[in-house]
Amino acid sequence: LSLLEFLKKDEKILKETIELSCQTKDFYKAFQCLFKFKKFYDYSFFNNLKTILYFKTLEYIHNENIINHKKVVCKLVDKLFNVVSEKEIKIRNALLNEKEIAENKILLLSKPRKLQVVLTNKCNLRCVMCDFHEYDWNFNECQINELKSLIPYLEYLIWQGGEVFLNKDFFYLFNLALEYDVKQTIITNGLLINENVAKNIVQNNISLAISIDDVEKEGYEKIR
């Protein structure tokens, strides 16, 4: 009872309790503890702790899947389904995905956890090695809606073009992914990054992959 009172009031003790449960591979107790005391802590603290626990749990389960401990995976996932809230759709989807892998499922009920999305082939450059821009297309409304429906389940999303900043729906989708704590990478030539875009990228810890083909001005401009 004393421990319960501490857990209600002390963020450090709750964090250490969950970390200890992770070290002993008792992820069921860790999630049970986290959700039991959710109402006593602010959203930011709870969400950060949940994210850490989520990735540690999935890392363990995924490794067990790799070394073919299928029964261990299925048993743990079934236990976690009893304690992880149905509102936590990303966590439950990832758990279901790992269980389906363990069961060698071909038809999956789980949603994708990672996507690489080519939104458009529009580009502000005409690089000598690329003819991608010759085929004019963007994501259509049906594809946009499908992507929107998948974003809440995603852990990781890579944006690619063409040049993604030329797609009119990009920032809407980008911000939607931020709302669902999706880790994002943008593949870009970097030429359309203005001050506002740069600030958005830095504040939200977004990874950038910038295409550069030569360190000399003459060679770079010849290619790009």
Side-chain angles (χ1 to χ4, degrees), residues 44 47-48 50-52 54-60 62-63 65-66 90-91 93-94 97-98 101 108 110-224:
S44 179
N47 202 47
N48 287 338
K50 181 183 72 176
T51 300
I52 293 169
Y54 168 56
F55 283 109
K56 285 185 176 181
T57 305
L58 264 295
E59 181 183 26
Y60 170 76
H62 187 67
N63 288 337
N65 247 337
I66 289 173
K90 184 182 296 192
I91 298 176
N93 179 68
N97 181 242
E98 291 293 342
I101 292 170
L108 303 183
S110 58
K111 307 292 185 184
R113 292 159 61 186
K114 299 180 182 181
L115 283 180
Q116 183 161 347
V117 177
V118 182
L119 277 179
T120 180
N121 72 335
K122 288 184 178 179
C123 190
N124 53 323
L125 294 180
R126 295 293 180 266
C127 301
V128 295
M129 67 289 193
C130 181
D131 62 354
F132 201 41
H133 62 274
E134 293 179 7
Y135 310 96
D136 188 21
W137 61 271
N138 287 281
F139 254 39
N140 59 38
E141 185 177 355
C142 180
Q143 291 167 320
I144 293 290
N145 289 333
E146 183 181 5
L147 179 55
K148 284 164 57 179
S149 72
L150 293 175
I151 282 176
Y153 300 94
L154 294 178
E155 298 167 15
Y156 189 40
L157 181 52
I158 301 173
W159 298 107
Q160 183 180 344
E163 176 54 52
V164 292
F165 295 120
L166 289 173
N167 182 273
K168 63 182 179 61
D169 297 301
F170 170 69
F171 284 106
Y172 166 73
L173 295 167
F174 171 82
N175 288 321
L176 182 63
L178 288 179
E179 289 180 25
Y180 287 97
D181 296 320
V182 182
K183 184 178 180 180
Q184 300 180 70
T185 292
I186 301 172
I187 299 175
T188 174
N189 58 44
L191 297 177
L192 299 179
I193 298 177
N194 57 32
E195 187 172 347
N196 287 333
V197 172
K199 191 177 296 184
N200 208 347
I201 288 169
V202 172
Q203 288 176 346
N204 292 295
N205 197 28
I206 305 300
S207 297
L208 283 182
I210 298 180
S211 307
I212 300 174
D213 294 292
D214 200 308
V215 294
E216 301 291 341
K217 182 177 187 297
E218 183 180 354
Y220 175 84
E221 292 182 351
K222 184 178 180 181
I223 296 170
R224 295 194 159 263

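- Within the 4.5 Å cutoff, the side chain of Ile91 has no heavy atoms near those of the Thr57 side chain.
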Apply side-chain contact (heavy atoms from CB on, under 4.5 Å) to the pair Leu147 and Asp169, showing each step before the final yes or no.
-> CA-CA 11 Å; Leu147 179 55; Asp169 297 301; over 6 Å; no

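- Evaluation of the ring pair (Phe, Tyr, Trp, His ring centres under 6.0 Å) test over residues 172-221, restricted to residues two or more places apart or in two chains, returns Phe170-Phe174.
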Between Lys222 and Glu216, does a salt bridge (charged side-chain N to carboxylate O under 4.0 Å, His left out) hold up when you go through it step by step?
-> CA-CA 10 Å; Lys222 184 178 180 181; Glu216 301 291 341; over 6 Å; no

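- The two residues Gly162 and Cys123 come nearest to each other via the heavy atoms CA-CB, 4.4 Å.
- The two atoms that bring Val182 and Ile151 nearest to each other are CG2-O, 3.6 Å, heavy atoms only.
- The main-chain N or O of Asn189 is found under 3.5 Å from a side-chain atom of Glu163 such that the two form a donor-acceptor pair.
- With rounding to the nearest 0.5 angstrom, the CG atom of Asn167 is 5.5 Å from the OG1 atom of Thr120.
- Residues Asn200 and Asn175 meet the side-chain proximity criterion, which asks for heavy atoms closer than 4.5 Å.
- Atom CD1 in Ile144 sits 6.5 Å away from atom CZ in Phe139 (nearest 0.5 Å).
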Could you walk me through whether Thr188 and Ile210 pass the side-chain contact (heavy atoms from CB on, under 4.5 Å) test, one step at a time?
-> CA-CA 5 Å; Thr188 174; Ile210 298 180; 4.1 Å; yes

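- The side-chain heavy atoms of Leu173 and Val117, taken from C-beta on, include no pair separated by under 4.5 Å.
- Considering only heavy atoms from C-beta on, Asp136 comes within 4.5 Å of Lys122 through its side chain.
- Side-chain contact check for Glu221 versus Asp214: every heavy-atom pair is 4.5 Å or farther apart.
- For Asn124 against Leu166, the heavy-atom pair with the smallest separation is N-CD1, 3.6 Å.
- Taking NZ of Lys183 as the start and OG1 of Thr51 as the end, the distance is 12.5 Å to the nearest 0.5 Å.
- Here Leu115 contributes atom CG and Ile158 contributes atom CD1; the two are 9.5 Å apart, rounded to the nearest 0.5 Å.
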Could you please spell out the steps behind the side-chain contact (heavy atoms from CB on, under 4.5 Å) verdict for Trp137 and Val118?
-> CA-CA 10 Å; Trp137 61 271; Val118 182; 3.4 Å; yes

Stepwise side-chain contact (heavy atoms from CB on, under 4.5 Å) check, Met129 with Arg224 = CA-CA 9 Å; Met129 67 289 193; Arg224 295 194 159 263; 4.2 Å; yes

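- To the nearest 0.5 Å, atom CG of residue Leu154 and atom CZ of residue Arg113 are 10.5 Å apart.
- Asn97 places no side-chain N or O within donor-acceptor distance of the main-chain N or O of Asn93, the cut-off being under 3.5 Å.
- Within a 6.0 Å sphere centred on CG of Asn205, heavy atoms belonging to other residues, nucleotides or ligands number 12 at most.
- For the atom pair CG (Asp181) and CD (Glu155), the distance works out to 12.0 Å, reported to the nearest 0.5 Å.
- Between Pro112 and Leu150 the shortest heavy-atom distance is CD-CD2, 3.8 Å.
- Shown here for Leu58 and Ala94, the closest heavy-atom pair between the two residues is CD1-CB, 3.8 Å.
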